[in-house]
Amino acid sequence: MPITINHLAEGINTVWVLLCAALVFFMEGGFAALEAGFIRSKNSLNIIMKVFADCTVGMLGYWAFGFAIMYGLDKAGLFGTSGAFITGNFAHLNLKIPIYAYWIFQAAFAVAVATIVSGAVAERMKFGPYMVFSLLATAVIYPVAGHWVWNPAGWLAKLGMMDFAGSAAVHAVGGWASLAAVLVLGPRKGKYNKDGSLNVLPAHNLPLAALGAFMLWFGWFGFNPGSSLSGLDLNIARIAVTTNLAAAAGGTVSALYTMWKYGKPDASMIINGSLAGLVAVTAGCAYVAPGSAVAIGGIAGILVVLAVQFFDWVKADDPVGAIAVHGVCGTFGALAVGIFAEKGGLIYTGSFKLLGIQALGVGAVSLWAFLATAAIFYVLKVTVGIRVTVEDELDGMDLCEHGIAAYAGIEASHVRAFAHLAEGIDKSSTKEDLVSSR
Amino acid sequence: MPITINHLAEGINTVWVLLCAALVFFMEGGFAALEAGFIRSKNSLNIIMKVFADCTVGMLGYWAFGFAIMYGLDKAGLFGTSGAFITGNFAHLNLKIPIYAYWIFQAAFAVAVATIVSGAVAERMKFGPYMVFSLLATAVIYPVAGHWVWNPAGWLAKLGMMDFAGSAAVHAVGGWASLAAVLVLGPRKGKYNKDGSLNVLPAHNLPLAALGAFMLWFGWFGFNPGSSLSGLDLNIARIAVTTNLAAAAGGTVSALYTMWKYGKPDASMIINGSLAGLVAVTAGCAYVAPGSAVAIGGIAGILVVLAVQFFDWVKADDPVGAIAVHGVCGTFGALAVGIFAEKGGLIYTGSFKLLGIQALGVGAVSLWAFLATAAIFYVLKVTVGIRVTVEDELDGMDLCEHGIAAYAGIEASHVRAFAHLAEGIDKSSTKEDLVSSR
Amino acid sequence: MPITINHLAEGINTVWVLLCAALVFFMEGGFAALEAGFIRSKNSLNIIMKVFADCTVGMLGYWAFGFAIMYGLDKAGLFGTSGAFITGNFAHLNLKIPIYAYWIFQAAFAVAVATIVSGAVAERMKFGPYMVFSLLATAVIYPVAGHWVWNPAGWLAKLGMMDFAGSAAVHAVGGWASLAAVLVLGPRKGKYNKDGSLNVLPAHNLPLAALGAFMLWFGWFGFNPGSSLSGLDLNIARIAVTTNLAAAAGGTVSALYTMWKYGKPDASMIINGSLAGLVAVTAGCAYVAPGSAVAIGGIAGILVVLAVQFFDWVKADDPVGAIAVHGVCGTFGALAVGIFAEKGGLIYTGSFKLLGIQALGVGAVSLWAFLATAAIFYVLKVTVGIRVTVEDELDGMDLCEHGIAAYAGIEASHVRAFAHLAEGIDKSSTKEDLVSSR
């Protein structure tokens with residue numbers, strides 16, 4: 001059978017979407033590293049296991065019901081009613097790729113929403129209830145919001161909301177769900193003092209967190225350009241550029257701002273500033289010019305710093321800054337489309353119409369995510385309980401939840417190494433050399 | 001010269017296979033992180049160096065001879081006889097991509113087989129003999145098995161064995177080679193007590209191991225869908241879905257099973273459960289429905305837990321669970337095709353024929369891998385020796401083999417950091433804050 | 001509108017280049033991990049923040065001016081004069097992909113040049129001046145060299161210099177810029193003793209460094225084959241093969257050479273040997289046969305060991321070996337094209353003409369990079385200062401520059417873990433078990 005032009009086109013699009021899906025999935029590893037690195041070592045394994053829960057339990061939830069609610073045949077613009085287990089008719093989606101390619105790309109997004117919350121509830125939430133939440137996040141919370149914005153029949157889609165890769169549908173949803181979760185859960189023991197001051201609970205492994213950020217940034221090459229769903233949409237090239245410039249601007253501004261404000265460039269803020277730029281440009285990456293992307297990323301780079309401080313001020317304890325990065329900058333990113341979009345944006349048209357739609361849209365999905373998450377967390381709290389005991393929290397989640405420590409024996413090896421060096425096994429560097437070098 | 005349809009098709013296929021090859025190669029980094037994280041820090045650099053040996057010495061071995069034995073002109077269905085150094089005629093392979101694209105994809109697979117064994121022999125095997133084994137694994141052991149299954153003229157291929165991406169040819173081969181290696185090598189000092197009990201030799205860096213698992217999962221987006229060798233085979237989309245659902249099911253079941261059995265979700269088992277699902281679906285990813293993939297992955301998620309316990313019970317000391325993950329679940333995955341395949345599977349046809357072929361096939365390649373590896377390890381043992389001295393083993397492989405420690409000074413930096421904080425360099429967090437936060 | 005053959009071709013090429021750009025960008029994470037792992041923990045966060053500076057400040061610099069200088073309309077073969085902020089006419093580049101796809105791929109290269117230098121100046125250079133250098137490296141130093149070699153109107157391009165993916169334009173430029181930087185900056189305190197001997201300042205996390213090397217190797221699947229800029233250029237398959245074989249040969253030879261010379265395979269040298277092979281084959285990957293790639297990589301695997309020793313001998317203190325890997329092996333790689341190229345190489349033609357052009361070319365860009373960097377570092381030194389105080393250097397850059405430690409509390413968690421195990425929380429492994437296992 002001869003190969004047709006249409007077959008080639010579908011092949012290109014499928015290759016593109018599958019490889020972008022792989023990149024988006026890899027962001028789970030990035031989230032795991034980022035979140036684990038930002039918290040204390042005694043809880044670092046537990047948070048990674050929660051990310052595994054998203055990738056496993058959560059992915060099954062999106063397979064069973066989430067995708068159907070999000071992309072099934074529409075009911076009143078609110079949710080889908082067909083397509084459980086990726087079966088049935090999806091002709092209404094007008095896809096140019098196999099439904100399975102679409103599913104795997106979307107599944108990687110769904111899993112990411114749950115994972116955003118995992119960071120905010122770190123260091124105190126029980127594993128079992130988290131599994132339940134992860135399942136509901138991918139099976140219900142995210143799919144309903146996604147239906148509104150991305151199902152062709154969703155009520156926000158019909159209003160003309162523009163959220164290309166999900167500043168609102170993914171990041172604001174994950175970020176404001178995080179706020180709800182944190183408010184129901186309460187802050188970590190020892191975080192806030194009675195006199196109103198707060199304690200820094202130090203990041204145990206910032207190189208690991210930074211590595212996670214690089215993985216996330218890398219994954220965004222799939223997240224944003226891949227949302228075109230087509231390798232023949234040559235705008236994917238400009239999307240890659242706007243995405244990267246926003247990240248660059250976010251990190252640059254966070255560095256300069258913290259240098260100016262505190263005298264030193266703050267490492268956590270540089271990391272989160274880059275991510276904030278990525279989150280903020282995610283809605284508009286396909287709609288704004290490169291220069292606008294720099295503006296969006298740069299604003300996000302300051303917003304994230306202020307937001308981290310704000311949520312600490314109101315004692316919404318978010319160990320990794322998920323609410324600031326995803327909630328605040330995702331919301332800003334959705335609004336920024338109304339300002340910077342080449343078609344419909346305030347700057348280009350002088351009209352507030354699109355900005356209004358964007359505000360309504362991001363407000364609606366954020367409110368839904370907040371309320372749904374608050375309800376789930378509240379029910380879990382009053383039934384099975386969502387928080388480990390104070391004693392367990394002090395001992396660390398890794399021990400109480402998994403019976404093991406994330407790290408065992410690193411310094412034992414180190415001490416032995418030095419002892420041996422001192423005994424002369426390696427003549428090239430004596431103990432004194434090593435000591436003098438410190 | 002105008003571009004033709006055939007040129008476009010070959011371009012798509014080549015782009016697809018090269019990028020998938022990159023993903024598969026990246027699994028070496030994943031294996032290195034997984035294995036290093038699962039063992040003690042004093043041996044962690046050594047195991048990573050062994051993975052480097054696979055990628056360097058092993059890759060050269062596959063270039064020189066392995067590829068020829070695997071894909072050269074057939075001799076009696078048993079091995080290839082042409083094509084050393086990627087030269088000569090490969091028309092019998094009927095490729096739709098350049099031979100070099102095929103080679104790099106296959107080379108990444110060959111290297112992975114050797115690396116599976118590196119985990120099982122961790123913490124006690126000498127580096128030099130490992131290099132020799134790595135060379136022979138990629139130049140002979142794997143290529144012979146691969147010839148049987150994947151060379152169009154191989155005796156198992158002709159029988160109709162179905163092993164899409166290598167549950168048998170790659171994972172069972174690597175896993176049962178690991179068992180042979182471990183039996184010849186013997187367990188680590190201090191692992192098994194005289195009274196029959198065993199000691200947990202603790203994983204030194206579980207976040208690193210988990211990061212490795214994410215890298216492996218990510219790489220599987222290339223491993224399985226890429227085995228189509230064609231971006232125009234739109235089944236690649238469903239392959240991506242079956243692959244991911246099996247991983248999700250494996251991790252979910254391992255988590256639930258260990259929660260039920262031991263009261264806590266076991267972190268190592270969740271990691272290995274996800275990998276077990278991936279290994280098990282590798283043979284059938286192109287042949288089974290998504291629901292069957294969930295079943296296959298879920299079964300593998302329990303099998304891997306039982307298998308880890310079994311091999312400890314028989315004192316086959318495998319520090320990372322390679323035999324359980326790759327040997328047992330690879331074998332199961334090959335058999336599962338005979339049960340779940342939409343074309344020929346027991347469930348769909350009621351016929352045991354395919355299952356029988358699969359059993360014969362995976363049995364044959366496993367036996368070959370076991371015997372060949374046992375022979376190589378035995379010869380190495382009685383000639384150059386394969387095991388470091390007891391003293392060196394207690395001191396750690398990093399010191400005795402490389403003269404250096406994997407980690408130097410992490411806690412020294414830490415102590416200094418705290419000392420400074422106490423002296424008030426960073427006014428925002430005093431020593432007391434930090435202490436109180438622990 | 002029906003899809004045309006040309007549209008399909010541009011789609012394939014764009015998909016290819018964007019995904020390769022993602023791989024090249026991911027090398028920044030690899031550099032960060034490699035460099036952080038190779039140095040002491042007290043400076044590890046700071047070096048990662050410098051890589052962030054490259055990705056953020058540096059990327060903006062390449063956007064604003066660098067790309068224009070490199071690929072804008074030519075002035076006298078020396079630099080570009082149009083195209084700031086990716087605007088204007090780029091028809092002279094004869095691209096078959098969107099200009100934005102070209103830009104993002106090139107931007108990832110530009111950022112890498114700056115990052116090479118970040119490793120060499122580790123553990124002593126101030127962050128602020130580094131930001132300035134990073135901006136100038138991506139906005140001026142690299143673009144001028146790149147213009148000479150890769151702008152169709154550049155003077156070296158017109159001479160016929162062959163540097164496919166940049167052994168000269170990227171690696172030699174980065175490597176010799178590193179030498180200039182190191183000479184102006186001076187060695188780390190405690191590195192060289194008055195009696196001429198030197199101290200090993202130990203790598204604090206070799207698993208992290210190795211992970212970085214795997215990320216870099218993975219990224220090279222984009223760096224070299226992606227430089228074709230076309231997924232329809234089927235030579236990309238052979239480029240992937242030559243690239244990987246050179247890496248394999250480099251690592252193999254470094255391992256064997258250090259085993260022969262020092263009795264033990266040196267882990268840092270195996271890592272750097274693989275990278276040296278990759279750097280060296282980068283110029284010739286599209287022009288040389290696989291066997292030649294093995295030769296090039298193998299030679300680089302020895303060169304890098306000798307070069308590391310040489311630069312220590314002359315007290316050019318380069319904590320990560322950037323000058324050896326990128327400067328020496330990049331230069332060698334450019335020359336190797338003159339020897340091994342199938343078209344024009346000394347071996348094939350008997351003519352020294354190409355070798356002469358390559359020598360002139362790599363010499364010119366190296367000299368430019370060295371002088372420009374020396375000038376910038378000198379001006380920064382006499383104005384704002386480029387080096388932290390001795391006290392800060394002893395305390396570590398993470399504290400003095402960022403007010404935080406890279407690692408906090410790893411061993412605290414560990415100690416607590418052991419304490420709990422001893423108290424019997426986990427009955428399966430007692431303290432004695434754990435102790436006996438060490």
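Quick note: numbers below take in every heavy atom, side chains included, and nothing from hydrogens, waters or symmetry partners. Please read these numbers as outputs of a predicted model, since none were measured by experiment. Residue numbers begin at 1 in each chain, while the letters A, B, ... track the order of the sequences.
- A ring-centre distance under 6.0 Å is found for B:His204 and B:Tyr407.
- The contact between C:Ile236 and chain B is made by backbone and side chain atoms together, counting heavy-atom distances below 4.5 Å.
- Comparing B:Ile12, B:Leu18, B:Thr14, B:Ile3 by how many heavy-atom pairs each has under 4.5 Å with chain C, the most go to B:Leu18.
- Contacts with chain C were tallied for B:Cys55, B:Ser44, B:Ala36; B:Cys55 has the most, counting heavy-atom pairs under 4.5 Å.
- Ring pair B:Phe218/B:Phe26 is perpendicular by interplanar angle, where above 60° counts as perpendicular and below 30° as parallel.
- Interface residue C:Met259: only side-chain heavy atoms are found under 4.5 Å from chain B.
- No donor-acceptor contact under 3.5 angstrom links the side chains of B:Trp63 and C:Asn244, judged on distance only.
- Residue B:Ala32 touches chain C through its side chain alone, counting heavy-atom pairs closer than 4.5 Å.
- By the 4.0 Å N-to-carboxylate-O rule, C:Glu123 lies close enough to C:Arg188 to be salt-bridged with it.
- Of the two parts of B:Phe85, neither the backbone nor the side chain holds a non-hydrogen atom closer than 4.5 Å to a non-hydrogen atom of chain C.
- For B:Leu208, the part lying under 4.5 angstrom from a heavy atom of chain C is the side chain only.
- Considering all non-hydrogen atoms of both residues, C:Leu232 and C:Ala9 come closest at CD1-CB, 3.6 Å.
- Heavy atoms closer than 4.5 Å to chain B are found nowhere in C:Ile239, neither backbone nor side chain.
- With a 4.5 angstrom heavy-atom cutoff, C:Val294 touches chain B only via side-chain atoms.
- Within the 4.5 angstrom heavy-atom criterion, only backbone atoms of C:Ala203 (N, CA, C, O) approach chain B.
- Using a 4.5 Å cut-off between heavy atoms, C:Ala247 touches chain B through its backbone atoms (N, CA, C, O) alone.
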